[in-house]
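The structure appears right after this line, and notes come after that.
Values reported hereafter were calculated over all heavy atoms of this structure, with side chains retained and with hydrogens, waters and symmetry mates removed. In what follows, chains carry the letters A, B, and so on, assigned in the order in which the sequence lines appear, proteins first and then strands, with residues in each chain numbered from 1. This structure is a prediction, so every number in the text was calculated from the model and none was measured.
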There are 2 protein chains.
Amino acid sequence: MAEHGRGVAPSVRAYESLRAAVLHGEFRPGQALKPQELALAHGVSLAVVRECLLRLVGEGLAERLPNRGFVVPQAGDARWQVIAEARAAIEPTMLRMAISRGDLEWETRVRAAHHRLARTPPFERDDDVHFSDAWAAAHHAFHRALLDACGNDVLLDTFERLWTASELSRRWSAASTPTRDYLAEHRRLEQLALSRQGEAAAAALADHLAVTAAALADQATPAGHPPEDA
Amino acid sequence: MAEHGRGVAPSVRAYESLRAAVLHGEFRPGQALKPQELALAHGVSLAVVRECLLRLVGEGLAERLPNRGFVVPQAGDARWQVIAEARAAIEPTMLRMAISRGDLEWETRVRAAHHRLARTPPFERDDDVHFSDAWAAAHHAFHRALLDACGNDVLLDTFERLWTASELSRRWSAASTPTRDYLAEHRRLEQLALSRQGEAAAAALADHLAVTAAALADQATPAGHPPEDA
DNA sequence: CTAGCCCAGATAATCGATTTTTGGAAGAAC
DNA sequence: GTTCTTCCAAAAATCGATTATCTGGGCTAG
């Protein structure tokens, strides 16, 4: 019934809009999120904007500087590398758990998610540097489906948090994205998971993430140019 | 200058007070956190209380039910077991990283934190069921010091989040706490870490957490025997 | 000429009041 | 006797305005 934003509370509408804007990179990392402007832009009061910003802070999509307002958190190659390492430390273990606990329902959802991901074009017609929204959603859904059967909602919450942070940093990464064969990596993950090869699947997922980190390290360390210069 | 709450912003004072109250178990899990009462009790307006509650939601110390206010999240044996499993999935890996990356500074802090923990009495005179605040702080500091050298602030943030959730659930757990030899387990962790035995230390930490989960599972099993049997 | 001080503009934090939503109770229809 | 509708009080969400705080530019003393 919620076809447009009609009927939805203003705070929800403003929150989702602002969240999408940050994730889409409409504000630069470090840029101030000015309540005044946002309130005007969304047609709500300062208090509502403040609430949205607080919620974004809770998700890691904004940072609060006391008495100095809110800014978009640091994002970029270095940050992405740290997040990829964290994911590489956590997600393989989750995948092992999921493979040992998953039932037929899980297998079915993994297969469905992979099918959608494989059939969704990664890029839109006029843009070959940023992934399409549809592909990003399918990508998220596939990884989530893989881990869903781990049976631990605390770990799944952690996964969601890291995924969000990862998406924000990827958006601001200077690293080249299209150099890898995501299709093959995802197909391999699906096959190893469905054939219940826990160790091999965990290793493949660790690689999937380590390759990202390594590529970023290569690009980030050589010259070491200052990230912010005034 | 900021020795008492004087000079500190009202929102900070109210936030810290409310956070401590929730962690100390002054509200039951599921109990409503009524803005009206809290505003009156802390001498601040509804807006400030609202901000505090939003921040607590971000930390996992409160839950938001849209249009129905805020409540203390579910806590207890079952929840603690889930959290312990999540920690067992993450922290051993972090410890391995810390042991391979830690320097002399890290060793020194681990040793100091362990000394303080070993010399802090776990219980206060008139209470032998809840750990003392000083011991809880030292316990946290020791575990944090162990993992500090992992070199990944995303993982460390995750640790802090899980620790907080763990503390809340432990407060509401019916499980018996004093049956274990924490002293020996912590000493063993310190020794293995300082002697750089990564695998053994990781295993010891996994045990440290698994024992908790197992004890809870025994007591929480649906058709199991009543907990008052020893 | 430099360093420290002070003032003004801008921005964040807070407040009290108003509007909207919710859950339950009272009453009518079947 | 049961079920559905209608109404109402309590609570959450939102607003506009006020107060406190920070930043940067200009001024004065040394």
Is there any protein nitrogen or oxygen under 3.5 Å from a nitrogen or oxygen in nucleotides 8-10 of chain C, and what are the pairs?
none

Indicate the atoms forming the closest heavy-atom contact of A/Leu61 with A/Arg19, along with that distance. CD1-CG, 3.7 Å
Less than 6.0 angstrom separating the ring centers of B/Trp135 and B/His130, yes or no? no
Flag the pair A/Leu117 / A/His186 as yes when at least one side-chain heavy-atom distance between them is below 4.5 Å, and no otherwise. yes
Just list the side-chain donor-acceptor pairs under 3.5 Å for residues 39-56 of chain B, sequence neighbours left out, or say none.
from    : atom 1 : to      : atom 2 : distance (Å)
B/His42 : ND1    : B/Leu38 : O      : 3.0
B/His42 : NE2    : B/Ser17 : OG     : 3.0
B/Ser45 : OG     : B/Ala47 : N      : 3.4
B/Arg50 : NE     : A/Glu51 : OE1    : 3.0
B/Arg50 : NH2    : A/Glu51 : OE1    : 3.0
B/Glu51 : OE1    : A/Arg50 : NE     : 3.2
B/Glu51 : OE1    : A/Arg50 : NH2    : 3.1
B/Glu51 : OE2    : A/Arg64 : NH1    : 3.0
B/Glu51 : OE2    : A/Arg64 : NH2    : 3.0

Could you list all N or O pairs between the protein and nucleotides 13-17 of chain D that sit under 3.5 Å apart?
from   : atom 1 : to      : atom 2 : distance (Å)
D/dA13 : OP1    : B/Arg64 : NH2    : 3.3
D/dA13 : OP1    : B/Asn67 : N      : 3.1
D/dA13 : OP2    : B/Arg50 : NH1    : 2.6
D/dA13 : OP2    : B/Arg50 : NH2    : 2.9
D/dA13 : O5'    : B/Arg50 : NH2    : 3.3
D/dT14 : OP1    : A/Ser11 : N      : 3.1
D/dT14 : OP1    : A/Ser11 : OG     : 3.4
D/dT14 : OP2    : A/Ser11 : OG     : 3.4
D/dC15 : OP2    : A/Ser45 : N      : 2.7
D/dC15 : OP2    : A/Ser45 : OG     : 2.8

With the side chain counted from C-beta on, respond yes when B/Glu167 and B/His140 share a heavy-atom pair under 4.5 Å apart, and no when they do not. no
For A/Ala20, does its backbone N or O pair with a side-chain atom of A/His24 as donor and acceptor, under 3.5 Å? yes
Is any side-chain heavy atom of A/Trp80 closer than 4.5 Å to one of A/Ser166? yes
D/dA12 P sits how many Å from B/Leu54 CG, rounded? 13 Å
Separation of B/Arg13 atom CZ from D/dA20 atom P, in whole Å? 14 Å
Tell me, do B/Gln31 and B/Val71 make a side-chain contact under 4.5 Å, heavy atoms counted? no
